[in-house]
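Structure first, commentary second.
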Amino acid sequence: MINTKLQDAINKQINAEIYSAYLYLSMRAYFASNDLPGFANWMYVQALEEFTHADKFYNHIISRGGKVKLTAIDAPETNWKDALAVAENVLSHEQKVTGLINDLVNLATDEKDHAAKSFLQWFVDEQVEEESNAMEMVRKIKMVKNDPGAMFMLDKEAGARVFVPPIAKGA
Ligand code: MG
């Protein structure tokens, strides 16, 4: 059984993960409207991954006899200066999410909830990957942003990213 403190904190994290998906869908729309369909695809895959993160938290609460409470999602930004500004926003957002995950680990530690700690470890590792991906995107865009031909190729590369759905529980 999960305690109320952790249940409430994880419910908040479900909201944060869906907000991430919402923000990334907004970035997808920005790229789609600015002739960068590959980057739009990259953000779409990113958004779908965020929904699977929300789902992991959902399943953790349910499987431990807790109660899931979904709350209103804030509206994301809709406009950015350029592709680099979007990538930098992805990075700063993921750094913020890393902080939220660390706060959850600290709470699980304080509450001596070893099941939650073990569960959260996946997210600790995932955030290393998320920040690394975002840093790579920032770096690449910085390299090519003034070269339309290179930008075209980078967009093409981003267009190759595919969403790999996690194996459904009990399917
Ligand atoms: Mg996430």
Side-chain angles (χ1 to χ4, degrees), residues 2 5-32 38-64 66-78 80 83-109 111 113 115-141 157-169 171:
I2 193 163
K5 261 192 195 172
L6 264 155
Q7 174 187 286
D8 292 351
I10 292 178
N11 271 315
K12 263 195 194 156
Q13 191 61 31
I14 292 176
N15 184 291
E17 298 292 343
I18 295 177
Y19 173 78
S20 298
Y22 219 32
L23 174 65
Y24 295 155
L25 287 176
S26 188
M27 291 171 170
R28 174 200 191 193
Y30 167 83
F31 284 130
F39 285 132
N41 169 74
W42 199 87
M43 294 315 314
Y44 181 49
V45 172
Q46 191 69 24
L48 292 176
E49 279 194 9
E50 297 304 337
F51 281 115
T52 72
H53 295 169
D55 198 54
K56 274 182 191 280
F57 284 111
Y58 167 97
N59 282 320
H60 186 73
I61 293 179
I62 295 293
S63 61
R64 297 188 62 203
K67 209 166 173 165
V68 168
K69 205 181 200 174
L70 299 179
T71 51
I73 310 295
D74 289 340
E77 282 178 49
T78 55
W80 291 266
L84 179 60
V86 179
E88 283 172 339
N89 193 349
V90 172
L91 177 58
S92 64
H93 183 70
E94 288 301 335
Q95 286 165 339
K96 207 175 108 189
V97 173
T98 299
L100 296 177
I101 299 294
N102 287 342
D103 288 347
L104 281 173
V105 175
N106 290 339
L107 180 64
T109 305
E111 296 297 312
D113 187 332
K117 269 184 84 173
S118 165
F119 162 74
L120 287 166
Q121 193 54 52
W122 185 90
F123 285 95
V124 171
D125 299 338
E126 174 69 9
Q127 283 313 118
V128 174
E129 180 100 17
E130 294 283 25
E131 286 193 32
S132 163
N133 288 342
M135 282 189 286
E136 194 186 329
M137 192 54 94
V138 168
R139 214 164 35 234
K140 283 182 176 172
I141 294 175
E157 183 188 304
R161 184 180 179 189
V162 288
F163 174 63
V164 182
I167 294 159
K169 240 186 168 182

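Keep in mind that the numbers below use all heavy atoms, side chains included, and drop hydrogens, waters and symmetry copies. Whatever order the structure lists them in is the order used to number ligands and atoms, beginning at 1.
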So, E17 and Q13: side-chain donor and acceptor under 3.5 Å apart, yes or no?
yes
Okay, side chain of S20, backbone of A16: is any donor-acceptor separation there less than 3.5 Å? yes
T109 side chain to V105 main-chain N or O, any donor-acceptor pair under 3.5 Å?
yes
Between D113 and R64, does any side-chain N to carboxylate O distance fall below 4.0 Å?
yes
- Main-chain N/O of K67 paired with N11 side-chain donor or acceptor, under 3.5 Å: yes
Exercise. Is R161 salt-bridged to E49, going by a charged N under 4.0 Å from an acidic O?
Worked result: yes
So the protein N/O/S atoms within less than 2.8 Å of the Mg ion (ligand 1) come down to E17 OE1, E50 OE1, H53 ND1
